[in-house]
2 protein chains.
Amino acid sequence: MRIGVLAKAAGVSVPTIRYYESIGLLSAPARQGGQRVYGSEYVKALSLIRHCRDLDFSLDEISDILASVQRRSPCSDTKSFAEQHLRSIRRKIAELRSLEATVAALVSGCETTCCGSAAPDCVILQPSQACCR
Amino acid sequence: MRIGVLAKAAGVSVPTIRYYESIGLLSAPARQGGQRVYGSEYVKALSLIRHCRDLDFSLDEISDILASVQRRSPCSDTKSFAEQHLRSIRRKIAELRSLEATVAALVSGCETTCCGSAAPDCVILQPSQACCR
DNA sequence: CTACGCCCTCAAGCCACTTGAGGTTCAAGC
DNA sequence: GCTTGAACCTCAAGTGGCTTGAGGGCGTAG
């Protein structure tokens, strides 16, 4: 099949497939008249990549996952990739929740104390608040 | 003051200051012998930028915020920037929470059904699950 | 006058693509 | 056989918010 057909079958864009090939994530297929021709195994491989991207794994992580799939590593390896990923998702959620609390506090601080002052004096923009990255 | 002093005073790196100048976020200061010389007003401006970055505003948003500060717009404008930002933070949290639930479900699915099979057959990697961006 | 620290510019790298320019191949219809 | 149009090709640049590095200039203290 040609690249456009593969793209639809796996649910990714054509340039993305070429990009994955260029970085070595997807192997280079055969060519006919300069055009890429894919076998059905590519649908599987690319669908797996897309599935992992849907789960927000990075391409580096996906590269490791693909290697473990090809090695037919035990499933526990896959699980540990997922667990590590889950921890990083939870870390991000915690960071965002803390940010949410900070911003929400500033907004309500503005409502109660600013009383329509000018922007330069708004409590939201005062750097004195404790916010360290 | 020179760029290194400003950087310490405002808590940002020297290249970051030059970067902000290059994209027009910070105005170009006077020069002496080719070197940038800053007045104390730059500490204020840069600290404000840093404060907004700490709150995870984008540089585009910060540019709008700085404009409203210079215009001495009413504080309600600032608040509406913050509220919009808060909504986008909450949207991201919701996305991450849904992702967290998906990945957590896959991990426990693996624990209960995979029983140590090989990676290609692990439930975590099966694209059949409903996961659409 | 030398050594050192700070400053300068410009370019490239990060991530995961997308977009665009400019050209080639393929399949269908006449 | 010829034309048209879609799909394909490569290569380069853009996105965001910086960081890192190369290769050099300036200022001052000893």
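Labels below follow one simple rule: chain letters A, B, ... track the order of the sequence lines, proteins then strands, and each chain is numbered from 1.
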Can you tell me how far [atom2] of [N] sits from [atom1] of [X], to the nearest Å?
{"X": "B:L25", "N": "D:dG16", "atom1": "CG", "atom2": "P", "result": "13 Å"}
{"X": "A:K8", "N": "D:dA7", "atom1": "NZ", "atom2": "P", "result": "7 Å"}
{"X": "A:R50", "N": "C:dA16", "atom1": "CZ", "atom2": "C1'", "result": "14 Å"}
{"X": "B:L59", "N": "D:dT19", "atom1": "CG", "atom2": "P", "result": "11 Å"}
{"X": "B:I3", "N": "C:dG5", "atom1": "CD1", "atom2": "C1'", "result": "15 Å"}
{"X": "B:R53", "N": "D:dG17", "atom1": "CZ", "atom2": "C1'", "result": "6 Å"}
{"X": "B:R2", "N": "D:dC26", "atom1": "CZ", "atom2": "C1'", "result": "8 Å"}
{"X": "B:L26", "N": "D:dC18", "atom1": "CG", "atom2": "C1'", "result": "15 Å"}

Item to check | DNA chain D-proximal residues of residues 10-24 of chain A, any heavy atom under 4.0 Å | outcome: A:R18
Could you pull out all donor-acceptor pairs under 3.5 Å where a side-chain atom in residues 33-40 of chain A meets a protein atom, sequence neighbours excluded?
{"unit_1": "A:Q35", "atom_1": "OE1", "unit_2": "A:R2", "atom_2": "NH1", "d": "2.9"}
{"unit_1": "A:R36", "atom_1": "NE", "unit_2": "A:E21", "atom_2": "OE1", "d": "2.8"}

Item to check | CD on B:E100 to OG on A:S88, rounded to 0.5 Å | outcome: 11.0 Å
Checklist entry - What residues in residues 33-41 of chain A put a non-hydrogen atom under 4.0 Å from any atom of DNA chain C? => result A:G33, A:Q35
Checklist entry - What parts of residues 86-101 of chain A reach DNA chain C, counting only heavy atoms under 4.0 Å away? => result none
Checklist entry - Are the side chains of B:L46 and B:Y20 in touch, meaning some heavy atoms are under 4.5 Å apart? => result yes
Checklist entry - Side chain of A:S98, backbone of A:A94: donor and acceptor closer than 3.5 Å? => result no
Item to check | A:P120 backbone acceptor or donor facing A:Q126 side chain under 3.5 Å | outcome: yes
Item to check | Check ion pair B:R87-B:E83 (N to O, under 4.0 angstrom) | outcome: no
Checklist entry - Which is true for B:Q32 with a 4.0 Å heavy-atom rule: it touches a base, it touches only sugar-phosphate, or it touches nothing? => result nothing
Checklist entry - Is atom CD of B:E41 surrounded by more than 12 heavy atoms (other residues, nucleotides or ligands) closer than 6.0 Å? => result yes
Which atom pairs, donor and acceptor, lie under 3.5 Å between side-chain atoms of residues 105-116 of chain B and protein residues at least two apart or in another chain?
{"unit_1": "B:S108", "atom_1": "OG", "unit_2": "B:A104", "atom_2": "O", "d": "3.3"}
{"unit_1": "B:S108", "atom_1": "OG", "unit_2": "B:A105", "atom_2": "O", "d": "3.3"}
{"unit_1": "B:T112", "atom_1": "OG1", "unit_2": "B:S108", "atom_2": "O", "d": "3.2"}
{"unit_1": "B:T112", "atom_1": "OG1", "unit_2": "B:G109", "atom_2": "O", "d": "3.3"}
{"unit_1": "B:T113", "atom_1": "OG1", "unit_2": "B:G109", "atom_2": "O", "d": "2.6"}

Item to check | Matching residue for A:T78 among B:L125, B:V123, B:D121 - test: side-chain contact (heavy atoms from CB on, under 4.5 Å) | outcome: B:L125
Checklist entry - What are the two closest non-hydrogen atoms of A:L25 and A:L66, and how far apart are they? => result O-CD1, 3.8 Å
Next on the checklist: Give me each pair satisfying salt bridge (Lys or Arg N to Asp or Glu O under 4.0 Å) with a member in residues 56-68 of chain A, each pair once, sequence neighbours excluded.
Outcome noted: none
